[in-house]
Every structure is written in C-alpha cells, then in structure tokens.
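Residue numbers start from 1 in every chain, and the chains themselves are labelled A, B, ... in the order their sequence lines are given, proteins ahead of strands.
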2 protein chains.
Amino acid sequence: MLIEIDFSSDEAIYQQLCNQIILGIATSRLSDGEVLPSVRQMADEIGINMHTVNKAYSILRQEGFVKVDRRRGAFISVTERNRERALHIVEKDMRILLAQARCRGLSKQDILLLVDRIYDEYDGAN
Amino acid sequence: MLIEIDFSSDEAIYQQLCNQIILGIATSRLSDGEVLPSVRQMADEIGINMHTVNKAYSILRQEGFVKVDRRRGAFISVTERNRERALHIVEKDMRILLAQARCRGLSKQDILLLVDRIYDEYDGAN
DNA sequence: CCACCTGTTATAACATAAATATAACAGGTG
DNA sequence: CACCTGTTATATTTATGTTATAACAGGTGG
C-alpha cells in the first residue's frame with residue numbers, strides 16, 4: 001500500500017503512519033493477515049528513520065490492529081470484537097468532533113449524511 | 001463554566017482547554033456573547049501559566065469560536081456559517097475516526113446511533 | 001491624570017516529545 | 001553462517017509545550 005507523509009504537517013509522522021494504515025484496513029486496501037513492510041524497508045521507502053516506523057507499529061500492535069510474528073514480521077490482525085469497549089473508545093473522540101461540528105453550524109442531519117457517505121465509501125471498497 | 005484539566009493526560013493543556021470551551025458552546029453552557037475569564041484570571045483558576053490560556057484563546061479566535069474586544073476581553077462568538085467549509089473541516093477528522101471505528105468492528109448503524117445520541121444530548125442541554 | 005484592567009508581544013529558560021543516528025541483541029530462515 | 005525479522009539501548013538534535021518575567025497599547029472608572 002502506498003504511504004504518503006506530509007512533512008509540513010503539524011501531525012507527527014508516526015501518527016500519520018498509524019492513521020494511513022488504519023485507513024488502509026478500513027478501505028480493505030490492507031486485508032487481514034497481510035504482511036506489512038519491515039520497519040527498515042518501510043523507513044527506506046518513506047525516507048524516515050526506522051524508529052519512527054517502529055513506534056507506529058508498536059502503537060498499532062497495542063491498539064489491536066497488528067500482530068507480530070518472529071518469522072514473518074508485522075501483519076494485519078484485527079481481533080478486537082469487544083463492542084462495548086470499542087464504542088467507548090470512539091465515543092470520546094466523537095464527542096469533541098461533534099461539538100466542533102455543532103459550533104460550526106452543522107446539523108445532526110448533516111453529520112448523519114456525512115457518516116453514511118463515508119461508511120458506504122469504505123464498505124464499497126470491498 | 002467549570003474547566004477541568006487532566007495534568008496526567010498526554011493531551012496538551014491548551015488543547016484540553018480549547019476542547020472544553022468548544023464542548024461548552026455545543027452544550028450551551030457557554031452562550032453566544034458570553035464573556036470568558038481573562039487570560040490571567042483563567043490561568044489563576046486552573047493553576048497554569050497565562051500564556052497557555054492565551055494560546056488556547058488565540059486558536060479559538062482563529063477557528064472562529066471567539067472574538068476579542070479591547071474593553072470586554074474574549075467572548076463567545078460563533079459566526080461561521082460557511083456550511084461547505086465546515087463540512088470539509090469535519091470530514092477530515094471524521095474519516096480517520098470512522099476508519100478506527102470500522103476496524104474495531106463497529107457497524108454503520110452503531111455509529112449513526114452514537115451520533116444521534118450525542119447530538120440529542122447536546123441539543124437537549126438548551 | 002492615574003491606577004487598573006484587557007489582550008498581545010517579546011525574550012529566555014526549562015521539560016517533554018519527536019525524530020534521527022548508530023549499535024547491538026535474540027530469534028527464525030535458507 | 002549470512003541474512004532477515006522486531007526489539008532494545010543510548011545519545012543527539014530538533015520541535016513543541018509550559019513557565020517565567022517583563023513590557024506595551026488601549027479601554028475603564030475613580
């Protein structure tokens with residue numbers, strides 16, 4: 001999967017990397033069991049340091065999106081199916097985002113349509 | 001409005017402050033035209049430095065949630081009504097959040113219900 | 001006019017985090 | 001044994017967050 005990093009962004013590189021891999025999984029550009037490039041290879045491709053990639057992989061592993069096998073390396077493994085916990089995690093960020101949306105004059109319907117559209121886009125990529 | 005800062009959080013203080021004020025506006029605990037404590041007073045109340053508060057106010061002003069009058073100080077002023085631009089801003093963060101939600105096994109319906117519930121909660125505080 | 005409040009700016013110091021660099025280690029593969 | 005994997009350690013540089021002290025322009029009320 002092609003990874004694009006915006007070096008002029010105020011978002012940390014390892015965070016951008018995490019986000020893009022998560023987006024990749026959500027849009028099925030990365031499928032379950034698929035092997036990620038090694039930390040050194042990925043670092044070379046992007047042109048960043050090995051440890052920055054390692055940090056991203058470690059976070060993804062901790063979040064339950066990636067697992068590591070000694071022989072194969074890091075690979076996609078979405079195992080979390082604790083719906084309550086997942087909802088709780090998402091709700092925290094959603095509250096802040098919806099507050100912003102409401103302050104900017106967006107209605108509930110605006111957001112529902114936005115969610116519907118993006119979710120369909122992700123599903124449609126299957 | 002009561003501001004609570006989690007000093008053990010990994011989130012920056014000025015960012016927490018911004019979020020709480022935005023949440024305050026969304027839930028109508030802060031109404032349009034309401035004056036915010038001065039940067040020095042707010043800093044004293046929370047127990048942080050004046051510049052940290054000033055940074056939060058500056059960002060809120062830049063984002064269009066706050067305006068400044070020489071005599072009154074900072075006050076709530078939500079003037080943005082550019083729906084297209086607002087949607088564009090929210091969409092960027094929403095894409096990442098929905099990707100996370102989808103990776104954690106949450107369905108579109110799960111998210112639509114979550115949005116519906118939070119938005120009603122914000123509206124109900126009127 | 002004067003003391004007092006506002007936000008704003010400047011400068012310096014310090015702490016923390018991000019990113020890079022170099023190196024080494026344990027374990028698995030061919 | 002050479003080569004790959006992730007992981008760990010240590011050090012350095014850079015950027016950001018936070019605090020500290022100080023000053024300035026402008027508005028308010030005594």
Tell me: [atom1] of [X] to [atom2] of [N], nearest whole Å?
X: Phe75(B); N: dG7(C); atom1: CZ; atom2: P; value: 12 Å
X: Leu17(A); N: dA18(C); atom1: CG; atom2: C1'; value: 14 Å
X: Gln15(B); N: dT16(D); atom1: CD; atom2: P; value: 14 Å
X: Glu11(A); N: dT16(D); atom1: CD; atom2: C1'; value: 15 Å
X: Met50(A); N: dA23(C); atom1: CE; atom2: P; value: 12 Å
X: Lys55(A); N: dG6(D); atom1: NZ; atom2: C1'; value: 17 Å
X: Ile13(B); N: dA20(D); atom1: CD1; atom2: P; value: 11 Å
X: Arg71(A); N: dA26(C); atom1: CZ; atom2: P; value: 20 Å

Item to check | Pairing of Lys108(A) and Asp123(B) as salt bridge, 4.0 angstrom limit | outcome: no
Next on the checklist: Taking the nucleotide of DNA chain D with the nearest heavy atom to each, does Tyr14(B) or Asp69(A) sit closer to the 5' end?
Outcome noted: Asp69(A)
Checklist entry - Does the base of dG6(D) carry an N or O that pairs as donor and acceptor with the side chain of Arg40(A) under 3.5 Å? => result yes
Checklist entry - Looking only at N and O atoms, is any donor in the side chain of Arg72(B) or the base of dG27(D) less than 3.5 Å from an acceptor on the other one? => result no
Please tell me which of the listed nucleotides, [options], lies nearest to the side chain of [X]?
X: Ser38(A); options: dT5(D), dA18(C), dG7(C); result: dT5(D)
X: Ala12(A); options: dG17(D), dT20(C), dA18(C); result: dA18(C)
X: His51(A); options: dA19(C), dA21(C), dT19(D); result: dA21(C)

Next on the checklist: Checking Glu121(A) against Arg95(B) for the side chain to side chain contact (heavy atoms under 4.5 Å, CB included) test, could you report, in this order, the C-alpha distance in whole Å, the side-chain angles of both residues, the deciding distance, and whether it holds?
Outcome noted: CA-CA 10 Å; Glu121(A) 188 183 315; Arg95(B) 281 188 175 278; 3.0 Å; yes
Item to check | Any strand: nucleotide that pairs with dG26(D) via Watson-Crick or wobble, under 3.5 Å | outcome: dC5(C)
Checklist entry - Mind checking who dT14(D) pairs with, Watson-Crick or G-U wobble, both distances under 3.5 Å? => result dA17(C)
With a 4.0 Å limit, can you tell me whether [X] has a side-chain N or O closer than that to the phosphate oxygens OP1/OP2 of [N]?
X: Asn54(B); N: dT8(C); value: yes
X: Tyr57(A); N: dG6(D); value: no
X: Arg61(B); N: dG7(C); value: no

Checklist outcome for this item: Nearest heavy-atom contact between Phe7(B) and Ile46(B) is CZ-O, 4.1 Å
Checklist outcome for this item: Of all heavy-atom pairs linking Asp32(B) and Val78(B), the shortest is OD1-N, 3.1 Å
Checklist outcome for this item: Ranking Val68(B) and Thr52(A) by the position along DNA chain C of their nearest nucleotide, the one closer to 5' is Val68(B)
Checklist entry - How many angstroms lie between CG in Asp110(A) and CZ in Arg102(A), if you round to the nearest 0.5 Å? => result 12.5 Å
